[in-house]
Number of protein chains: 2
Amino acid sequence: MAKAIKKETCQYRLMAGKDAMEVLQGKWRIPIIISLTDEDKRFGEIQREIGISPKMLSQELKALEENKIISRTLYDSMPVTVEYSLTPLGRSTDKLLDEFLKWGIHFRNEIVGR
Amino acid sequence: MAKAIKKETCQYRLMAGKDAMEVLQGKWRIPIIISLTDEDKRFGEIQREIGISPKMLSQELKALEENKIISRTLYDSMPVTVEYSLTPLGRSTDKLLDEFLKWGIHFRNEIVGR
DNA sequence: AGATTTACTTACCTGAAGGTAACTACTTAC
DNA sequence: GTAAGTAGTTACCTTCAGGTAAGTAAATCT
């Protein structure tokens, strides 16, 4: 550990939380990952599924690619298609995602649904 | 389900993700919850621990209180102190928090630490 | 009476996040 | 050749999250 932050301390947990948030933060990162959890998808498919503009999608896909969460594959087949898929690191969010969604539903039942 | 979104569909998961993000989003929500996981704390204690300005802390605490994640208790003891603590709903983030932090560490090991 | 501590609030400012609309480039279908 | 679908890019604009700095109010210490 570079800055001598011991495991199990509050400071260590704060650092871990910050690290995770940096990658997953924002309106579109989690939705994109959810969308790609089902199956690999093309640009237009993601766009239609989560209702994002092409500009934002392009921008967020680039960021996720830089962080090795997703990968872009170009198929120079019929009309030239591009497929996005989760990398192993992207797939490693599955347990987190699961708890995240479970809690979202729990919260909705407690608060949103009064 | 008001809008007839079936469970297990992608749209349902997108909704759950959005719900959770709305509450947990931002630079300070997760850090505040982490800070209060250890033990109940006072305004100044949280402030010093996570390095937040009084304005932001006050603002975020109010938002978390409105969402029933934390509760504020006034002790009109010695110099008048205020203690913030997690509600049961706040404590219900424990598994999510755990996976979140685990993943943050995993991500750091994979990417940040090359 | 003056200084310090606790818990805030208020006013102001800046940059990043996100949105809209229009345009590009390539291919295939008609 | 022109329309339609793919996968984006570019320019511009608005909003809001977050930051800084200073002020307030009540009590306690000295």
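In what follows, chains carry the letters A, B, and so on, assigned in the order in which the sequence lines appear, proteins first and then strands, with residues in each chain numbered from 1.
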Practice task
Rounded to the nearest angstrom, tell me the gap between atom CD in A:E83 and atom P in D:dG8.
Solution key: 12 Å
Handout entry: A:S71 and A:T87 side chains, donor-acceptor separation under 3.5 Å
Key = no
Problem - Length of the CG-P vector between A:L74 and D:dT6, whole Å - result: 15 Å
Fill in the blank from the handout: In whole angstroms, the gap separating P of D:dA17 from CE of B:M21 amounts to 14 Å
Exercise for the section: Could you check how far NZ of B:K41 sits from P of C:dT6, rounded to whole Å? Expected result: 16 Å
Exercise for the section: Ignoring hydrogens and angles, state whether a donor on the side chain of B:E83 or B:T73 is under 3.5 Å from an acceptor on the partner side chain. Expected result: no
Practice task
Round to the nearest Å and state the distance from A:I52 atom CD1 to D:dG8 atom P.
Solution key: 13 Å
Collect all protein-nucleotide pairs involving nucleotides 8-11 of chain C in which both atoms are nitrogen or oxygen and the distance is under 3.5 Å.
from	atom 1	to	atom 2	distance (Å)
C:dC8	OP1	B:R72	NH1	2.0
C:dC8	OP2	B:R72	NH1	3.4
C:dC8	OP2	B:Y84	OH	2.8
C:dT9	OP1	B:K62	NZ	3.0
C:dT9	OP2	B:S58	OG	2.3
C:dT9	OP2	B:K62	NZ	3.2

Practice task
Just jot down the side-chain hydrogen bond (donor to acceptor under 3.5 Å, both in side chains) partners of B:T93, sequence neighbours excluded, or say none.
Solution key: none
Handout entry: Residue pair A:L36 / A:K41: nearest heavy atoms and the distance that separates them
Key = CD2-N, 3.7 Å
Completion exercise
Looking only at heavy atoms, the pair that brings A:Y84 and A:V82 closest together is CE1-CG1, 3.9 Å
Practice task
Write down the distance between CD1 (A:I32) and P (C:dG18), rounded to a whole number of angstrom.
Solution key: 10 Å
Problem - d(CZ, A:R42; P, D:dA7) in whole Å - result: 5 Å
Exercise for the section: If C:dC30 has a Watson-Crick or G-U wobble mate with both distances under 3.5 Å, name it; if not, just say none. Expected result: D:dG1
Completion exercise
To the nearest angstrom, the CD-P distance between B:E60 and D:dA17 comes to 9 Å
Completion exercise
Closest heavy-atom pair, A:F107 versus B:D19, reported as atoms and distance to 0.1 Å, is CD2-O, 4.4 Å
